[in-house]
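Each chain gets a letter, A, B and so on, in the order its sequence line appears, and its residues count up from 1. Nothing here was measured: the structure is a model prediction, and the numbers come from that model.
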Amino acid sequence: MGDTRLVGQNYTTPDLHAKVTGRSKYAEDFRVDGMLFAKLLLSPFPHARVRSVDTSAAEAMPGVRAILRASELPEPADTVTDLGETIRANPLSERALTDEPVYAGEPVLAVAAVDEETAAAAIEAIRIDFEPLEFVVDPLVSLRPGGPNPREQGNSWGRPAGNPTGPLVVQRLEWSEADWSEYAEGRLPAGTPQAQWSYGDVEAGFAAATLVLDETFSTPNTQHHVLEPRSALAYWRDGKLYMHAGTQSAVQTVASIARWMRLDVSEVVLLTEYTGGGFGSRATGAVIYTIPALLARKTNAPVMMRITREEEQYIGGIRPGVHGRVKAGFASDGRLVALDVFTLGENHAYEAQGDAISSGRIISLLYQPQAMRFRGATVLTNTPPRRAQSQPGGLQGVMLMEPVMSKAARQLGIDQVEIRRINAPAGKAKFGPPAGNGELQYSTSSFMREALARGSEMFDWETRKARSGQRQGSKVRGAGVAVSSFVGGSVGFDGLFVIRPDGRMYVQSGVGNLGTESYSDVHRVAAEMMGMPWEKVAIIWGDTSQHLPWTCVSGGSQTTHAMSRAAHAAASDAIAKAKEIAARTLGGNAASYRVANERVSDGTRTMTLAEVARRAIALGGKYDGHELPTNINRVTTVAASALAGRGLMGVARDDYGRDGGTFSFVAGFAEVEVDVETGQYQVLDYMAVGDSGTIIHPRAYGGQVLGRGVLGMGHALAQKTVYDQHYGLPVATRLYQSRPPTILDVPRNMKWEAVNLPDPETPVGARGIGEAPVGAGASAILNALAAALGDDVIRRAPATLDNLLMALEHGRPMQEPLTAHI
Amino acid sequence: MSNDDAPTTRSGPTSLGRRTFIKGVIAGGVAVSSAAYLFRQSPTLSGQTARAGGVERLVTLNVNGQDRRVDVAPQETMATTLRYKLGLTGTKLGCDRAECGACTVLVDGVPRYSCSVLTHTVRSSDITTIEGLAAPDGTLHPVQQGVIEEQGFQCAYCMSGFIMSAVGFLRQNPNPTREELAHGVSGNLCRCQDYDKILTALHRGAELSREVARG
Amino acid sequence: MATIHDVIAPFQLFQPTNLDDALDLLDEHGEAAMVIAGGMDSLDWLKDRLRQPQVVVELSQVSELRGIREVDGGLEIGAMTTLTEVAEHPAVIDRFKILSDAAALVASPQIRNQGTLGGNISQDTRCTYYRRGWACYRAGGNTCYADTPTAINREHAILEASRCVAVNPSDTAPALIALDAEMVIRRGGRERVVEADDYFVGPDTDIRHLNVLEPRDLLTTIRIPATWAGARFYFEKVRDRMVWDFPLVNVASAVRESGGRIVDARVVVGAVAARPLRLRAVERAVTGQALDEATAERAGEIAIRGNRPLRYNGYKVPLMRNLVRRAVRGGMGASNA
Ligand SMILES: Cc1cc2nc3c(=O)[nH]c(=O)nc-3n(C[C@H](O)[C@H](O)[C@H](O)COP(=O)(O)OP(=O)(O)OC[C@H]3O[C@@H](n4cnc5c(N)ncnc54)[C@H](O)[C@@H]3O)c2cc1C
Ligand code: FES
Ligand code: FES
């Protein structure tokens, strides 16, 4: 891009003043006259069927207005995709309420009353009789011959033998006795998989390898713990449903709510200026939002559903824990010549979350094995919903592979940075699974090696490496490096803005505002191209009645890439129109005009963009949005039509080409100090270098590189879910029991850096950075611990002090690597 | 610096109908809402016996320098009173159990978790919330200004709590190191895990506070 | 009947402004009354609706219960003094450092600004089964859910368990025992003084309670005698996260030495049993011995005698041993303040 006045600069985002003064309003901050309160009755059983419910005492209580049962929920609707494809509703999918709860804490019914005190008393007055059903909270227990099922139909999604192309159904997956032979030694059985692929000659690779390792590792189930619980307020006015609720995509959540409620998208207005965290758990809102909506309809009054932290722990989402068995063959120079990966993912008893299966792709890209086989399975359990969490599947892939890379480097006598450099993806790097034609896919670009080089220099890797493993008193230090990668963007969304006769640019942003600031950052691209000073740019966001265009979900690091392209497309459209208007108004050739400094000019003849806006309205047609491109999404067409006639419209779909899949990369470096007498350790230092193309907003970028890094560190330090297997009930239901990292658990002075080389396959050069830092944070710490204490001490994450101390005490790993939720 | 009337900022639903429908609750001095919200309203406000130690429900709270009369249930927490009775929703509830800090306010200048304080225990105290930090003319508190300058925080659900903790901590320790400041605000959890940028922003706030103090 | 959490059920609230009124109220309401100090433990029970008292007596307005007075080289600390006040008080830091160290490592700044010393030593256990309302021994039932083959008992007892395997989670309790503190308890017009070590009880004495307080009792003062002022102190707390988390194990010690020999010692370990354990055998064994590595080693071994770990808390054995070694050795101070 020519003029970089805005892109690459720090600035004050439009939402910040309201945030620091406490005026920013999240869903539960709204109050409406006559508002009722909803409370939930949660299942006390991991799996049960409601036999009978007696609500008479509750209903007789003064102030109780309505009780909502699962039977009153609309039937799940089919989804029609963007491309017109119909996806049949899954009869076993998660819903807001259920009469067959499949995990402890699942909402069964809801009460609306004039105040929460009354609603709570009403819940206590409800007589409810459950028939307890068979349950299981550990996937490996379920897979055993004759093991328990989480659902009456079985424990996994698959296609029945007789109908290999039909819809997925829940069926029984079981591994034979023979598969368990190495279980006692802590090795993951590799029974029948559900998915598999391979490329290259894996067996030949192992045969030729100098070193072959066979390692089992387990990643933790971790709750998202968004700080704002998924509370929501709903009311109906003039036949429309108004919802105040948090989301990762304003625009796409309207479609979800409409589908859950069986409404048309035009009947739903979502108000969502601020959302207190998502991390994947609020991709398109949350199905629980239908409860206040239905209660509001039933009571003809606004209904606030305040979700408590404990409820959030149940319904908010969990990243699936994945067990992995990795067999890796290395040449003497450290090159990974053959790789055989088996993953087993844990799931709730609803739709399958794909992490275990998708982890193979990131492993393949990140470590570039010459030959690879991947197999995986996902098993349902009676535990809360698994949802995508920052770097879904990627984090687990990184956490399974990194200990193997570290151990190989140590055994081969190769530097840790070097072994990762040797195996790093570069440029258009290939990865599996192979496509239908047998060809491998490839990335748009990768500068992983540059990131490693920058990082090791800035981190002073050599010095820290030299003191790794040295003991002083009871303290031992260790330095670790880890690489990580994830998808860095999607394509095909729309940009929309209008420059009005007042000379200002009004940008319609459908991005959810999670504070990553992408809802505003990406539009700096368009503003800069239009030569608009930022003070004259208004971002319209967070209210779907305000004509917002079709937008990606802010998840999977899509937004920066997808929406900067869309912004670029819309600006290119407006520039072309402005030039035409100038030529038509002032004479000359449109091609000789340039847009800059709020003007369009050919050097001698000049119009301000305010004048262009006025002319656009006069000319009508495509210039002011009365004629629209045909390739934009229906949502955008509706939005743009409503804005037609207000000025010069920039509206376009991102139709730019892209050769390859978009991925971002991070190299993370950590130093730890372990007290070998207590097992307690401290992360002394952390730094991370990102490779995600051009940086649009450095401060927001740094916040992501380190912030998501710390999110990852939680997986190494102490964060986990805990269940008593016998009862199938959670014993960590509170933040202080599930232990997300505090400010004192991470270094006080972390550093970040960016390679900052543009991605060649996107016009702005920028990719997203929301995911790749996570795995780097988690594994850099685990690798640093291994450098201090030796390989094999840590066989599952988090690496809590009890396990470290026991291994040190006994001189061998003491963990149960494969028991779930301990 | 941006302010709310700048064209780049738009707040709240725009249709006028809804705007009047939805309560504008933040402005100081607005009459206390009569709605019961979370707790039942007392049957008779003055009906309680004034025997030794028994509490009256109708109390006066000093919040952000103003005396506010409010009907408080015995079991009501300060966070509830602030958010639901006084409309001060800048104080957030993240856990309601003293485990996250989102609800932190100052009670006589000391940071406390308002979710875990019975409102009746602070009847005779000065309470400061995030809404009370800026000067009446809108000039931000230096800690708020530090956050603006460094683009601290992401989703900001934790932000009010962190800022209140920092302001309380800086009263006692105006010139902290980064390490000391981290300890000072350690009772606040950020799930966007933006700790590094938060510390930078709050540390800048400390610096600005000292500049203001020097005049 | 279904259960629900996070809405406090109504109660009658009393906020006495002086000690006599407080005692009268407790006397009058007896078992029906719940005492709230800082509320950091008690509000939890109310929010979970597991305790629905008719009457709550809240002590924040009783100024007589607050503050630190110097008496004969020792201290008298009002039960309602906050943990922050204890941690920052110059006399505590100067003469009884383990107490300020312990108080400073509790929970988080805001909790310390509100939680009281009296409440901290009187708090209930954090056994997750018990606190979720399961009908265990401690809750009046007839089983222990934390002591089964599948139970999650990483944070439970390795010593002195008797049916119940819960531990006392207080950080300040071991420090107070090591300082030979005394608890002053009032009931109506009567006052009794209990040695810190006797204030805490194990399940074989009372399986329902962690301390000797009974309905109508008010803990008014914690007295610290001059005995250990300025001794060689050691306090360390080991926990998962550096904020909020309760101790997995903590240790407090006070040692008097002369010419390289230990003249007298107190060694107390917390979170390994239902009460903080004063390790008298260790104290006896080290007294008269050289203050050196060998003595520390031996102390560690003696400390863990009789341990009976559960499935997930075996690490507490070496942890306790190592912490006791350090406590006897002294020197390093708190690992993280
Ligand atoms: C998230 C969290 C983390 C925590 N982490 C720690 C930690 O790491 N270490 C630690 O030691 N503690 C920790 N605590 C506990 C907290 O410090 C204590 O709960 C607190 O100190 C209790 O004191 P309080 O004044 O709030 O007492 P309250 O909760 O009000 O009272 C506790 C109990 O003592 C009784 N009581 C209190 N004072 C008196 C009195 N004067 N006379 C008679 N009875 C009385 C009450 O009736 C009640 O049963 C944590 C608490 C929370 C919520
Ligand atoms: S809401 Fe009060 S500490 Fe979390
Ligand atoms: S910025 Fe989101 S929780 Fe802190």
Side-chain angles (χ1 to χ4, degrees), chain A residues 10 12-14 16-26 29-33 114-118 225-228 271 273 275-277 308-309 504 514-516 534-540 543 545-546 699-700 702-703 706-707 710-711 734-736 740-744 746 748-750, chain B residues 1-4 6-15 21-23 25-26 36-40 87 89-90 92 94-97 99-100 102 129-131 134 140 144 147-148 150-151 153-160 163 178-179 182-183 185-186 188-189 191-197 199:
Chain A
N10 286 321
T12 300
T13 55
L16 194 52
H17 191 273
K19 283 172 170 176
V20 294
T21 50
R23 278 180 300 103
S24 50
K25 287 209 187 179
Y26 301 71
D29 297 338
F30 289 88
R31 307 282 177 265
V32 181
D33 285 333
V114 292
D115 53 53
E116 288 197 346
E117 189 183 327
T118 303
H225 297 307
V226 292
L227 200 58
E228 181 206 1
L271 300 134
E273 260 185 298
T275 295
T308 67
R309 176 54 51 187
R504 293 173 181 276
L514 301 156
T516 63
W534 188 243
E535 305 72 58
K536 291 194 174 175
V537 178
I539 308 285
I540 291 105
D543 176 349
S545 69
Q546 295 302 303
R699 279 206 189 98
L706 296 178
V710 174
L711 188 97
R734 304 265 296 269
L735 285 173
Y736 88 86
T742 75
I743 198 167
L744 297 185
V746 301
R748 308 308 176 251
N749 261 308
M750 297 186 275
Chain B
M1 195 198 88
S2 104
N3 75 57
D4 256 75
T8 49
T9 309
R10 232 206 70 257
S11 224
T14 42
S15 108
F21 181 51
I22 306 231
K23 281 232 158 55
V25 280
I26 299 295
Y37 287 132
L38 303 189
F39 297 111
R40 284 178 204 137
T89 56
K92 304 300 182 200
C95 69
D96 203 20
R97 295 293 183 115
E99 298 166 21
C100 80
T129 71
I130 188 77
E131 291 92 346
L140 294 180
Q144 292 172 310
V147 173
I148 295 263
E150 295 293 338
Q151 187 74 38
F153 301 85
Q154 293 195 9
C155 80
Y157 202 74
C158 66
M159 188 199 276
S160 316
I163 290 178
R178 219 175 141 91
E179 174 73 26
H183 279 266
V185 299
S186 62
N188 294 75
L189 186 75
R191 271 308 282 159
C192 299
Q193 309 268 228
D194 204 11
Y195 292 130
D196 195 74
K197 195 144 59 68
L199 261 189

* Asked: When only pairs under 4.5 Å are counted, which of B:Asp196, B:Leu199, B:Val147 shares the most heavy-atom pairs with chain A?
  -> B:Asp196
* To do: Please state whether the side chain, the backbone, both or neither of A:Asn10 comes within less than 4.5 Å of a heavy atom of chain B.
  => neither
* Apply salt bridge (Lys or Arg N to Asp or Glu O under 4.0 Å) to the pair B:Lys197 and B:Glu150, showing each step before the final yes or no. => CA-CA 7 Å; B:Lys197 195 144 59 68; B:Glu150 295 293 338; over 6 Å; no
* Asked: Are B:Asp96 and A:Arg734 ion-paired here, with the side-chain N under 4.0 Å from a carboxylate O?
  -> no
* Greatest number of heavy atom pairs closer than 4.5 Å to chain A - which of B:Arg178, B:Gln193, B:Gln144 -> B:Gln193
* To do: Sort B:Leu189 into side chain, backbone, both or neither according to what part of it lies under 4.5 angstrom from a heavy atom of chain A.
  => both
* Output yes when a side-chain donor or acceptor of A:Thr118 lies under 3.5 Å from a complementary backbone atom of A:Val114, and no otherwise. => no
* Asked: By a 4.5 Å heavy-atom criterion (distance strictly below it), what part of A:Leu514 contacts chain B: side chain, backbone, both, or neither?
  -> backbone
* To do: Among the options A:Val746, A:Thr275, A:Leu735, A:Thr516, pick out the one with the most heavy-atom pairs lying under 4.5 Å from chain B.
  => A:Leu735
* Kindly indicate whether a cation-pi arrangement holds for A:Lys25 with A:Phe30, taking the cut-offs as under 6.0 Å to the six-membered ring centre and within 45° of the axis. => yes
* Structure fact -> For B:Ala156 and A:Lys19, the nearest pair of non-hydrogen atoms, with its separation, is CB-CD, 3.4 Å
